[in-house]
Structure formats: C-alpha cells, structure tokens
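Below: one structure, written as structure tokens.
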Amino acid sequence: MKYNPNTVEAKWQQIWAAVGADRVPAADDRPTFYALGMFPYPSGNLHMGHVRNYTLVDAIARCRRMQGYRVLHPMGWDAFGLPAENAAIERGIHPAVWTHQNIAQMRAQLQALGLSYDWEREVATCDPDYYRWTQWLFLRFWEAGLAYQKEATVNWDPVDQTVLANEQVDSEGRSWRSGALVEKKKLRQWFLKITDYAEALLQDLDTLTRWPEKVRAMQANWIGKSLGAELTFAVVGAEARIPVFTTRPDTLGGVSYVVLAPEHPLVGVLTAPGQQETVAAFVAEVSRESERERTAEDRPKRGVPLGREAINPLTGETVPIWIADYVLAEYGTGAVMGVPAHDGRDFAFAQQYGLPVWAVIVPKNGEPPAGAYTDPGVMVNSGDLDGLDSGAAKAEVVGRAEAGGWGQGRVQYRLRDWLISRQRYWGCPIPIVHCPNCGAVPVPADQLPVVLPENVEFTGRGPSPLATLQAWVEVPCPSCGTPARRETDTMDTFMDSSWYFLRFADARNEALPFTRDRANAWLPVNQYVGGVEHAILHLLYSRFFTKVLRDRGLLDVAEPFQALLTQGMVQGLTYSNPQKTGKDRWISAEKVVWQENADGSRIPHDPHTGEVLTVAYMTMSKSKGNGVSPQEAIAKYGADTVRLFVLFKAPPEKDLEWDEADVEGQHRFVYRVWRLVTEYIAFAGKNSQGVDRNLRREIHTAIRNVTEDFGENHRFNTAISELMKLTNALQEGDRTSETYGEGVQTLLQLLFPLAPHFSAELWEMLGQTPALHEVSWPAWEAAALTVDEVTIVVQVNGKMRDNILVPTAQGGDREVLLAQAQAAPNAAKFLVGKEIRKVVVVPGKLINLVVG
RNA sequence: GGGGAUAUGGCGGAAUGGUAGACGCUGCGGACUUAAAAUCCGUUGAACGCAAGUUCGUGCGAGUUCGAGUCUCGCUAUCCCUACCA
C-alpha cells in the first residue's frame, strides 16, 4: 500500500479528536505531568520556530502519557497587543475580528502538525472570560499594596499626539509611524511593585536547578543586587544633604567631587545664583536627548558645576558639587561620590574637567595602573585607615558612618518596578475608577469584567481610543456614587501571560481564575519550553505573579516552572550582497539569480546588480526573506517528516539549520519504515519461528537508549538515531524469526511520540489493538541485553593495538585477559623486547599493558 | 566593562576518563533502468602503504592520569545576553 502522508495524518487527527485522546483524563492515582510550550501571539501564521517549540513539547507529552502519567498539555493565545490595533488602523478591521480570524487559522495549522493538545482548555487572553480574571488578579495586587500610580516618563510622538511603546521608536529615536523625533513626557502611570520581591526572586533562582544556567544568570544580572552603603554629604551653606549610594565606601577618602543626576530634585535647591543659567541650559539639553543618545558608548561624559561645595563626612574636606549626564536619576539615590582614582567613569569625567585625582588604595604588589585602580588593595593617604586592607576599610567606614549618623550599609537592586500602563485600546482594561472624592477606587468584583467597548474608531493619532469614549469613561464612583472617570489605560500584555499557565489548570472556572486545589494539583509546570528571548521578562514576571499569589493564599507553589528548556532558533539559507549594507542587502531565495560555472557549480547572483552573493545560515526572519513556510513543508513531506526533521537535526537547545536535503533524508527514513512494516505485514504468518538473539538485543538496546534519551535531557536527536539503527537492524534481520514481529512493534511504539500519525497507521495495519495512543511505553529486559562473548580492547601504553574476544564471564579476569592480550598478534608486536610493568583492566572493556 | 555559552571530518552532529567521528546529509563508485527519477549495495578525517598496517588528528599551550574530545590551569576565536547601575 502506498504511503500518503496527508491522508494518513488527516485520518488520525480526526480519530484522536473524536475519541478525545488528548483530553486530560479524570483524576485518578496516576502521577501528573504538565507539559507546556510558550503560547504564541496570534499573528495569523505559524513559523518554524513555533513548529520546533511545539513539536518538542508534544513529543514530551506523548511520551509521558505512554509512560503512565496523567498529562496536561494545553494551548492558548497571547492575543492582546499592538499588531491588532495596527491592522485596525491600516485596514479598518476591528482588532477582535482580526485576532479571532488569526487564531482560527493558526489553530488549524497547529492541528495539522498533530499536536496532542487538550483543546477544551484553550484560552485567549483577549476574551472577556479570560481578562476578567486578569483584572481580578490585578485587584489582588492592589489590595496587597503592590499596584500603585506614579509619574513616569513615556515616549511621546508630538505629531500624532500619542504615546509610543519602546518598540515603536526606531534606532534614531523617531516614531515608526509619523517619523517625528520622539519626546519624553511625564504621565501618571500604573506600576507593580516587583521590587518588593527582588530578594525572593533572586534567592529562589537557586532552587531552579533544571533551568539553564544562562537564564538564571540573566535573571540574577537583571535583578542586580549590590551590597554597599548610603553615605550622606552635608552642603556648605545649605540645609540640604546629599545621600549617595556606593559599593566602595573604602574609597570615600578619595572623593574629589560629588555629582547629581540632572533630574535630581536637589538641583534646583543647590544651584548657586551665578550658575543658574548654565545649569538650566545643561538640564534642558540633556532632557532633549533620547535615551539612546545619552547612553551611547564612547561618548564623552558631560557636566557642569552647581557652584557649591559638599563636605566629605570622613575627612571634613570640601569638594565641588556637579551635575552630569552619566549619573542616572533612577538608580540608587541619583547621586554619586566622584572617586576618579578608583572608578573608570569618574576618572574619565575628572580628566574631561580637570578635577583632581586622589589615590587612597594601592595594589598589594606592583605599581598602580595609569588610569583608575578598581581592584582591592591597601589603604594609603587615608589617615588612620592607612595600611588597612581595602576590604576591611569598607566595613570600617560603614561602621563610622553608622556611629556618626552620616550613613549606613545598604543593599541596592537594579530591578525597577514594573510599569504596566499602556495608553492603547487592545489590552486588558485596568479595573479602576478615579473619583474626585475617593481617589482611585477598584471596580467591585461582581462588576468584572470591565469590558472593552466595541464601537471604537482607530486613527493612530491622539489619545487612546478608550479615553475619547465618554459613554464608557463616565461612570459613578463604585464607592460614593459621585460622577467619576474610568481608568483608560490598559495593561501591558505581559500581565496576561504572567498567569495563563495557572488558568490552564482550571480553564473553564466561572467563579474564580482557578481553584487552589487545581492549581496545586498541576503546578509547577513540569516542563516548560520556549525561546530564550523570554529569559528575563516573561519568566521573571511569571515568577513574581506566582509568588504574590502564593502570599495571597491562592496557591501553594513558590515557582511556576520546574524545568525550563530554551530551544534554539531555526535558521534558513540566507543570501546577501556583501556590496550593500542595511536592509536591502538581503535577497530572498526565490529572487536569487543562479549562474552556472564551467565546472557545473552554481553561483548565486544579485537579480538587480548581478553581484555575487554570499550564502550563510541565519535565523529566519521576514526582513531576510529566508523563512520556510511550515504549511508548505507539511504539504510536501507530511507532518511526521517535518516533526522528525526538527527533532533530529540538532539537540533542542542549539540552533537548527533548515536544510532541504536533510528533510529529504528524514522523509526517506519515514518511507523506509513504511516499507519495512508493510513488507513484513505481507510476509507475516509464514514461518514465524525461533528467537533471533542478536536482533532481540538490538531491540532492547534501542528501548533502553531511547527511554534514556526521552528523560530530563530530551535528547531527541540521538533517540531518532537509535530508531534508525533499529530500522537498519530490522532491514538486515531475519523476517522468519518471531523476534522480528517484536522488533516491528517496538519500533512503532518508540516512534509514536515523535511521528504519531504514520506509526499509528502502521500499528493498525499490523492488526494491533488497542490503538497505539492507548499503548504503554515498552520496557527493556536486562536479560535480552546479555552477550556470550565480549570484545576486549588491547592497549599497549594507552594506544589501541588489538581486540580479543573472551567469554562474558571472563571479561574481568585479569589472568585470562593478560594471557590472550600477549598472544594477540598485533599487540604482541609492541611487546617484543619490552618488560610489562603494569596491567590495567577495565572489566568487559579493555586491558592496557604498560611496557618500558 | 560585566555575565553566559560554544569550538570535533566537506556539513549537521555522536561519544558514563577507556576503539574519536554513532546516526544522518553531501560527494564518489556500482546495481537496477532503453534512459532518468526513486530504490538498493559499497565507500567517504588526513598522510604513507599493494596489503597487513603505521603515523597524525577533537581551537592553542601546559598539567593530572596507565589512558584526556571529556578533568585542572592559562590563552585565542566566535556567538548570545547585558551595560555609564556607582
């Protein structure tokens, strides 16, 4: 019978859906397993990155089902966000309509891959049934004092009169839509107090032993814990005091100036009369610069003096006070003590403006470097601290500061509170009403959800569409009934995705986002799989949510994701013209002009200029035109081949090169199995007799190795190579033995999690019942793995010289091995005239003769 | 500047401190075919050799060990993340 992937795949997808093969089974005494891939944004089309991500999770989920777990394997949609609003602006289609169309299309694409989702738990974050609970959870944060408002800087497009997201500002600081230079503007914004959890988020990284080291390091860096001190400088002739944060209190004696951020609140107070204009001009100039300009590398540091002096609390010396663009208002106290001798940035600044450099630490041995000396050392020029180790001096200075009331030790985190306000329509409305009497009042739970109004006009200009809808905005205060106004900001979409894994545990609950029991039953996610691009934000926010919800008594787990796998990118063949720079150097594959050389090799050329192109594998992206459509690949080869290819070509965490020849190779493998099994079926029943011990050993070796490869490390690439070996062994094996049938069945069982459709079909054709998705994972028999004789490697001085064959029982017998090794002809050559000084035996493996 | 990762044939990649290169791709040779495709068989790290085999070989340099791709120390290169974070 001819193998037609598309027919076979459609058939089994229908069968599994009809019998509910992928639904979470009712609770019983089996252990649970929660397998999750990061849910996608419904752009409308699946790309290869999705295919790889979800195939990995599916293989894990299917294998765990066969191994006797109750598996939760859900899928949903991260469905709020800007692209839907852009579609509305550009094409006049409502974001909800556009989004739901895309979801329908992508759901069909996922289904064509044969992914074993429990679709009854599907969620879309833009549906009121979901975002109602996002709002409900926001109010739990509010109750806990973890949601608050404050002024914050936003990107403001002066032409369109609208707020822009960071990703809508290009590298030159211009609006993507209007092209106007983006300005900074202060607006009152909502924040979540993630900084309250900085220490817990940092500490618990240690418990995530099955996360990649890389991701844990990235999160730790992002949280950025620094141990140091806050020290206070008094100001000559003024009441004000300047607190600074430093990690190097030992260098306090070397301070030659104090410097504030231009935005520091004390700037106005402290500026001397004669410096008013200079300072005002500098502050204005800095505020005009974009973040990018201000933080650009190798840009000279700039500043101006305030015309006033501060008093060094340790030495009593006076030093000038400056403001400078290299000091950040948001970090620490927004003020820094300038120690040019021991800080690279301060050194550069001091050089620029001729400020003095006073060294107070020298290396233990050797000469101090020409620039700043930032390593530990010995104190000098520091009065009674001289001779002290700089580490000890740190503690001493902090001790004196605490005793003298001018400072104390302090922990500083780099992590900032999470700004969740977005001035847009297509997001979850923040369930708050602003009342002139009561202030910010939460919308009562029984009035949730605050539903997004539908009759909205999208222009891309002016304030958020929500703010212009008077009928929606104007409501009575839930508390006192006074006419009040709804909050018109919506939430960052990361809010929606910070708890979706909890909703899947109880997706159809209409009374709560989830019950505590269900959450506890399924969480933490046993295996989470996604791209490393979410290593910080999504994963950190989800951890934060989980900890807050635990502290609010909504569930009992401290961490949402027990094991994390960050899969590599999918790369495509990429043609670029080295003569060009920028976006137009990429030539998509179908546009490349091929010219044949005399020797038959084909060289790619630019279709416009005729220049020779370079070829490389690069991450697939629209702009490079190097993407491969999953739909086309599935139509051409079938989902099983595509699945096997993405699993085989590289280990999961490495980048994967989409190579058509390798896809063909995988297709050949599928066909080979098909032919092998159908030929066996045609043959079966004739002469089935006897056990083929060698074949049986290969079968059970394959079971053992594949089972191990399906463990925590998810080595699907080597699992598939084991299956290829088993296939090769069967091809060479004796069909008349009864072992052959065992081999064929085992092959299909092991293949099922990876390539479910055609293995299920062949299983059925074999006449096996029940259907393959109900069959459990095979176990290997230790007895089947034994051999009568083992090959022992003979080494002389550690070099392989010969092999000997000995009965298994004697594989560790020193005398036997030594005698045979000396007799082995090729080894013997290297023993002539030499004395054996030592014999090393590794039982069952090798014997090494050390001679001299 | 800080952090993380990686380095093995023509290519993707395998190798609990014990036969380096499994498995696959490509290339080459052959079978089948009127021919081609498909399929099947053989071969495919380098050098020397008729062969048996020998020598070299896992980015570079040391070290530990009977034995190192693997462990230790020191470098180099590439990639990714992050960054005036005081």
Side-chain angles (χ1 to χ4, degrees), chain A residues 212-222 224-226 228 244-248 251 259 261 294-299 301 324-328 330-339 342-346 348-349 374 412-416 532-533 535-536 566 568-569 571 617 644-645 648-651 653-666 668-669 671-672 675 705 708 715 717-728 731 791-803 825-826 829-830 837-842 844-852:
Chain A
E213 183 58 38
K214 176 172 61 167
V215 174
R216 289 191 289 165
M218 283 164 74
Q219 292 212 355
N221 287 338
W222 188 260
K225 183 178 185 176
S226 299
V244 302
F245 175 73
T246 179
T247 56
R248 294 297 301 276
T251 65
V259 57
R294 192 170 156 185
T295 60
E297 221 165 317
D298 64 3
R299 164 184 202 280
K301 302 183 192 320
D325 58 357
Y326 77 96
V327 180
L328 303 177
E330 315 90 70
Y331 184 76
T333 62
V336 175
M337 59 187 214
V339 189
H342 305 297
D343 181 280
R345 294 154 301 180
D346 296 345
F349 188 72
T374 56
Q412 176 68 38
Y413 298 93
R414 206 185 71 105
L415 184 69
R416 312 279 161 77
V532 74
E533 65 274 17
I536 298 175
T566 51
M569 301 275 160
Q571 305 185 319
Y617 279 100
L644 284 170
F645 168 76
F648 176 70
K649 173 80 179 180
E653 59 286 344
K654 288 192 73 167
D655 286 348
L656 179 149
E657 297 171 355
W658 183 272
D659 177 347
E660 205 72 15
D662 281 322
V663 183
E664 305 263 8
Q666 216 49 236
R668 270 202 288 276
F669 171 60
Y671 262 97
R672 242 179 29 241
R675 210 170 44 242
N705 292 349
E708 280 171 8
R715 291 179 306 226
N717 54 331
T718 51
I720 292 169
S721 87
E722 287 295 324
L723 295 174
M724 289 172 167
K725 278 191 227 174
L726 179 56
T727 305
N728 293 344
Q731 236 157 12
T791 305
I792 303 289
V793 169
V794 180
Q795 293 184 343
V796 178
N797 284 344
K799 291 204 174 195
M800 210 281 264
R801 294 303 180 189
D802 217 328
N803 293 308
N826 204 50
K829 289 198 318 205
F830 293 87
R837 297 201 170 148
K838 186 170 175 182
V839 177
V840 180
V841 171
V842 181
K845 282 258 164 103
L846 68 76
I847 176 167
N848 184 14
L849 309 175
V850 184
V851 301

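None of the values given here were measured: they were computed from a predicted structure. Protein chains get the first letters and strands the later ones, always in sequence-line order, with residue 1 at the start of each.
- Within 4.0 Å of A:Glu657, counting heavy atoms only, lie sugar-phosphate atoms of the nucleic acid but no base atom.
- If you check B:G18, B:C85, B:A5 against the side chain of A:Leu846, the one that comes closest is B:G18.
- In this structure, A:Met800 reaches the bases: a heavy-atom distance under 4.0 Å links it to at least one base atom across the strands shown.
- Counting non-hydrogen atoms under 4.0 angstrom, A:Lys654 reaches the backbone sugars and phosphates but no base.
- Closest contact between the side chain of A:Asn848 and the listed nucleotides B:G4, B:C81, B:G18 involves B:G18.
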Any N/O pairs under 3.5 Å between the protein and nucleotides 49-53 of chain B? List them or say none.
none

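- Rounding to the nearest 0.5 angstrom, the gap separating the CZ atom in A:Phe830 from the CG atom in A:Asp802 is 9.5 Å.
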Close N/O contacts between protein and nucleotides 23-25 of chain B (under 3.5 Å):
residue, atom, partner, partner atom, Å
B:G24, OP1, A:Asn728, ND2, 3.4
B:C25, OP1, A:Arg668, NE, 3.2
B:C25, OP1, A:Arg668, NH2, 2.8
B:C25, O4', A:Asp662, OD1, 2.9

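- Counting to the nearest Å, the C1' atom of B:C85 and the CZ atom of A:Phe245 are 9 Å from each other.
- Between A:Asp343 atom CG and B:G1 atom P there is a gap of 15 Å when expressed in whole angstrom units.
- Residue A:Thr791 is classed as having no contact, given no heavy-atom separation below 4.0 Å to the nucleic acid.
- One can place NZ of A:Lys225 at 16 Å from C1' of B:C85, the figure rounded to the nearest angstrom.
- Syn is the glycosidic conformation of B:G9, whose angle stays within 90° of 0.
- When the side-chain nitrogen and oxygen atoms of A:Ser226 are compared with OP1 and OP2 of B:A86, one or more of them lie within a distance under 4.0 Å.
- At a threshold of 4.0 angstrom between heavy atoms, the contacts of A:Pro212 with the nucleic acid are absent.
- For A:Asn797 and B:G18, the CG to P distance is 19 Å, given to the nearest whole Å.
- Partners of A:Glu533 by side chain to side chain donor-acceptor pair (under 3.5 Å), not counting sequence neighbours: none found.
- Counting non-hydrogen atoms under 4.0 angstrom, A:Arg675 reaches the backbone sugars and phosphates but no base.
- We find that CD of A:Gln412 is positioned 8 Å from P of B:A86, with the value rounded to whole Å.
- Of the candidate nucleotides B:C84, B:C66, B:A5, B:A5 has the atom nearest to the side chain of A:Glu213.
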